Amino acid sequence: PCLSRCYSLFFFFFCLLTFIHFFFYCFKLQTADNRKSHHQVSNVIRTDVASVTSWLAPIIWEETFDATLIDFIYKQQNLTIATTVFALGKYTRFLKEFLESAEQHYFVGFRVNYYLFTDLPEEVPEVKMGENHSLTVRKVPSMNRWQDISMGRMEILEKLIENELASEADYIFCLDVDTKFYSRWGVESLGRLVGVIHPWFFDAPRDQFTYERRPESKAYIPAGEGDYYFTGAAFGGSLEDVHHLTKTCRAEMKIDIANSIEAIWHEESHLNKYFLYNKPSKLLSPEYLWRDINAGAAQIKVVRFSHVAKNNAEVRPNV
Ligand code: UD2
């Protein structure tokens with residue numbers, strides 16, 4: 001009987017210890033979870049910049065999203081991002097740095113198809129593509145005016161989406177080539193219609209925006225109107241939305257040509273007009289298009305993509 005009492009006592013203490021251990025284990029898990037969710041919440045707060053527009057579109061800045069979490073969510077969707085870039089004439093010199101830096105920072109781990117339009121395919125450098133990234137080169141005719149090259153992109157994009165991309169991609173981004181990636185540009189940038197705030201005007205009052213102010217142009221924006229000044233160097237979204245954007249801008253530029261007027265900043269002016277009446281569903285902060293020659297700004301904690309310095313008179317076919 002003494003032995004059996006000992007066993008009972010031993011069993012009782014064993015159960016007690018197991019229970020206490022289990023209790024503390026659960027408590028630890030819960031506090032870890034709390035800490036984690038608290039950490040995630042504190043991760044997405046910026047008080048020095050606006051991170052939402054008046055029509056409730058997010059504005060993406062560093063520390064407004066959790067990159068690991070957002071990658072995990074989008075990974076399950078098996079997406080393809082088409083990306084267009086134009087390099088005509090001397091602008092082919094920018095391709096190497098553009099592509100090499102993109103391969104380090106642009107949608108790493110996601111499927112990307114670059115469509116490169118050039119009049120000099122023989123000058124396209126050999127750049128090793130990362131996993132699930134591919135490059136298609138398309139020859140286009142040369143042009144004598146840089147403004148025509150820049151504006152002509154709208155029509156080529158419109159046709160590319162219409163004729164080829166429907167079953168090939170989910171999203172599209174259209175980027176300038178005289179640029180370089182310095183840091184992550186990832187799925188946080190995806191949205192139905194995406195505009196990038198111009199690095200010169202993100203901090204400027206509206207009356208300083210360089211919208212087209214002549215009512216004769218289809219890009220006209222009256223004084224006192226407009227939300228942001230967007231760059232023409234980067235925009236994107238779903239195929240359907242970007243198709244509508246490019247088709248509209250192309251048609252409006254055609255009307256301007258017929259009326260012998262060219263908007264002050266070419267297709268960028270038409271893009272701004274489009275975004276005024278078709279609000280972007282997501283805005284990217286100037287982290288997504290900075291300028292190498294710009295001084296830093298306190299709000300810019302990360303430069304992701306930036307215009308490289310160039311001598312316009314030397315690289316453009318006309319001045
Ligand atoms: C601004 C815009 C640009 C466009 C342009 C229209 C920014 C930062 N950039 O840049 O997107 O809206 O104004 O006025 O807001 N290109 C060639 N070969 C040429 C000339 C141009 O391939 O000879 C292509 C190339 O992809 C280049 C793009 O057209 O990146 C725009 O031309 P730009 O970069 O010379 O225009 P820029 O710097 O005035």
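Start at 1 and go down the list; that is how both ligands and their atoms are numbered. The first residue of the sequence shown is numbered 1, and numbering continues consecutively from there. Note: hydrogens, waters and symmetry copies are ignored here, and every other heavy atom, side chains too, is used. Here the structure is a predicted model, which is why all the values come from computation and not from measurement.
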Check each heavy atom of A233 against ligand 1 and say whether those closer than 4.0 Å belong to the side chain, the backbone, both or neither.
both
Counting heavy atoms only, which part of Y91 comes closer than 4.0 Å to ligand 1: side chain, backbone, both or neither?
side chain
Student check: side-chain heavy atoms of N78 and R111 closer than 4.5 Å
yes
Ligand 1 versus L88, non-hydrogen atoms closer than 4.0 Å: side chain, backbone, both, neither?
both
Less than 4.5 Å apart, side chain to side chain, heavy atoms only: is that true for L175 and F181?
yes
Got more than 12 heavy atoms from elsewhere within 6.0 Å of CG, N144?
no
Residue among L116, L160, I156 satisfying side chain to side chain contact (heavy atoms under 4.5 Å, CB included) with R138
L160
Heavy-atom gap R153 to ligand 1 smaller than 4.0 Å
yes
I need the atoms of ligand 1 closer than 4.0 Å to a non-hydrogen atom of T231, numbered in the order shown.
7 (C), 8 (C), 15 (O)
Answer with yes or no whether R291 contacts ligand 1, where contact means a heavy atom under 4.0 Å from a ligand atom.
yes
Among all the protein's non-hydrogen atoms, which is closest to atom 14 (O) of ligand 1, and how far away is it?
H266 ND1, 2.6 Å
Nearest to atom 32 (O) of ligand 1, what protein heavy atom do you find, and at what distance?
S150 OG, 4.1 Å
Among all protein heavy atoms, pick the one closest to atom 39 (O) of ligand 1 and tell me residue, atom and distance.
R316 NH2, 2.8 Å
Give the residue and atom name of whichever protein heavy atom lies nearest to atom 2 (C) of ligand 1, and the separation in Å to one decimal.
E268 OE1, 3.5 Å
H307 and ligand 1 - part of the residue with a heavy-atom distance under 4.0 Å:
side chain
L284 versus W185: any side-chain heavy-atom pair under 4.5 Å?
yes
Do you know which of W146, F117, Y114, Y115 makes ring-ring contact (aromatic ring centres under 6.0 Å, His included) with F86?
F117
Considering non-hydrogen atoms of the protein only, which is the closest contact for atom 26 (O) of ligand 1, and what is the distance?
F86 O, 2.6 Å
Does any N/O atom on G232 come nearer than 3.5 Å to any N/O atom on ligand 1?
yes
4.0 Å heavy-atom contact, K310 with ligand 1:
yes
Atoms of ligand 1 close to A87 [distance to a heavy atom under 4.0 angstrom, numbered from 1]:
22 (O)
Looking at ligand 1, does L289 have a heavy atom less than 4.0 Å from it?
yes
List the atom of P58, the atom of S281, and the distance in Å for their closest heavy-atom pair.
CD-O, 3.4 Å
For W265, take its heavy atoms, then give the atoms of ligand 1 lying under 4.0 Å from any of them.
6 (C), 14 (O)
Does H133 form a side-chain hydrogen bond (donor to acceptor under 3.5 Å, both in side chains) with E103? I'd like the steps, not just the answer.
CA-CA 8 Å; H133 285 205; E103 283 312 286; 2.8 Å; yes
Please name the residue in the list V194, V196, L283 that meets the side chain to side chain contact (heavy atoms under 4.5 Å, CB included) test with F230.
L283
For ligand 1, is any non-hydrogen atom under 4.0 Å from N312's backbone (N, CA, C, O), its side chain (CB onward), both, or neither?
neither
Go through the steps for Y91 and D176 under the test side-chain hydrogen bond (donor to acceptor under 3.5 Å, both in side chains), then give the verdict.
CA-CA 10 Å; Y91 280 59; D176 268 15; over 6 Å; no
Atom 3 (C) of ligand 1 sits nearest the protein heavy atom D176 OD2, 3.4 Å
State, with a plain yes or no, whether a side-chain heavy atom of N318 is found less than 4.5 Å away from one of Q147.
yes
Spell out, yes or no, whether V112 and V85 are grouped together once hydrophobic residues are joined by side-chain heavy atoms under 4.5 Å, including indirect joins.
yes
Using a 4.0 Å cutoff against the non-hydrogen atoms of D178, which atoms of ligand 1 qualify?
27 (C), 30 (O), 34 (O)
How far is atom 12 (O) of ligand 1 from its nearest protein heavy atom, and which residue and atom is that?
E267 OE2, 2.6 Å
Under a heavy-atom criterion of less than 4.0 Å, does G89 contact ligand 1?
no
Y229 and T210, any side-chain heavy atoms less than 4.5 Å apart:
yes
Provide, to 0.1 Å, the distance between atom 24 (C) of ligand 1 and the closest protein heavy atom, together with that atom's residue and name.
I149 CG2, 3.9 Å
